[in-house]
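Heavy-atom basis, side chains included; hydrogens, waters and symmetry copies ignored. Quick caveat: nothing in here was measured; it's all calculated off a predicted structure.
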Amino acid sequence: MIMRTWRGWTRAEDADAYAAYLMETGHPGYTSTPGNRGVTFTRRDDGDRVEFLLASLWDSWEAVGAFAGPDPERAVFYPQDDRFLVDRELTVNHYEVFAVGQPTV
C-alpha cells in the first residue's frame, strides 16, 4: 500500500471556502479512483494562513498513476485552486505503508 501526501496554504479568510471546494472536487477525485483506500483531509490554523494536508492511501503504484497521471510525483490541481491557494507544494511525497494499527478493545 502507498500513502501519498500533499500540502497547500490559503489565507485564513478563505479556509472554509477552500475546505468546501476540496469536498466538491478533490474528495470525489480521490475516492472515485479504483485502488483508492481512503483519503484524509486536514487543516491547521497558522496565524493569517491555514495549512491543508491531504493524505491518501492507494493499493499500488498503478492506482496512484490512475489518479495522478503519467508523472505521479506531480501534485494534482483543480480548476479553482488558484483562487484559494497562496502557496502549494507542486510535488507530492509517497511512502510505502508497512503497518496499519487498529485500536484494541
Side-chain angles (χ1 to χ4, degrees):
M1 187 166 34
I2 313 256
M3 176 182 280
R4 177 183 171 94
T5 64
W6 172 85
R7 295 181 314 155
W9 294 263
T10 67
R11 289 178 291 282
E13 60 268 21
D14 292 334
D16 289 342
Y18 185 61
Y21 179 68
L22 281 174
M23 293 307 294
E24 294 170 9
T25 58
H27 193 272
Y30 282 86
T31 59
S32 69
T33 303
N36 178 265
R37 291 262 191 113
V39 62
T40 301
F41 289 1
T42 68
R43 62 187 270 181
R44 180 176 68 92
D45 292 346
D46 188 20
D48 61 344
R49 296 185 348 160
V50 174
E51 176 185 0
F52 287 82
L53 170 67
L54 283 56
S56 54
L57 294 173
W58 302 90
D59 283 335
S60 64
W61 284 107
E62 292 77 19
V64 170
F67 170 73
D71 186 359
E73 300 299 319
R74 294 187 48 80
V76 172
F77 294 105
Y78 294 91
Q80 296 297 315
D81 282 344
D82 288 341
R83 176 177 158 212
F84 296 108
L85 294 171
V86 295
D87 196 7
R88 68 184 93 185
E89 294 178 336
L90 300 178
T91 59
V92 299
N93 292 302
H94 292 102
Y95 303 87
E96 291 188 33
V97 177
F98 63 89
V100 177
Q102 297 292 327
T104 58
V105 179

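- Two residues are said to be in side-chain contact when any heavy atoms from C-beta on lie closer than 4.5 Å; Met3 and His94 fail this criterion.
- In this structure, OG1 in Thr33 is found 11.5 Å from CG in Asp59, a value given to the nearest 0.5 Å.
- Of all non-hydrogen atoms in Gly47 and Ala12, the two that sit nearest each other are O-CB, 4.0 Å.
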Worked check of side chain to side chain contact (heavy atoms under 4.5 Å, CB included) between Arg88 and Asp81:
CA-CA 10 Å; Arg88 68 184 93 185; Asp81 282 344; 4.2 Å; yes
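- Interatomic distance, Leu57 CG to Arg4 CZ, rounded to the nearest 0.5 Å: 12.5 Å.
- Hydrophobic cluster of Val50: the remaining members, joined at side-chain heavy-atom separations below 4.5 Å, are Ile2, Trp6, Tyr18, Tyr21, Leu22, Met23, Tyr30, Val39, Phe41, Phe52, Leu54, Trp58, Trp61, Val64, Phe67, Val76, Phe77, Tyr78, Phe84, Leu85, Leu90, Val92, listed by chain and number.
- Closest approach of Ala15 to Arg43, counting heavy atoms only: CB-NH2, 3.4 Å.
- Pairs passing the salt bridge (charged side-chain N to carboxylate O under 4.0 Å, His left out) check and including a residue from residues 60-75, sequence neighbours excluded, do not occur.
- Atom CD of Glu96 sits in a sparse spot, with 12 or fewer heavy atoms from other residues, nucleotides or ligands closer than 6.0 Å.
- Partners of Asp14 by salt bridge (charged side-chain N to carboxylate O under 4.0 Å, His left out), not counting sequence neighbours, listed by chain and number: Arg11.
- Classification of Arg7 and Glu51 as a salt-bridged pair holds, one side-chain N sitting under 4.0 Å from a carboxylate O.
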Evaluate side chain to side chain contact (heavy atoms under 4.5 Å, CB included) for Thr5 paired with Leu53, printing each intermediate quantity in order.
CA-CA 7 Å; Thr5 64; Leu53 170 67; 4.3 Å; yes
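- Proximity of a side-chain donor or acceptor of Ser60 to a complementary backbone N or O of Ala63 within less than 3.5 Å is detected.
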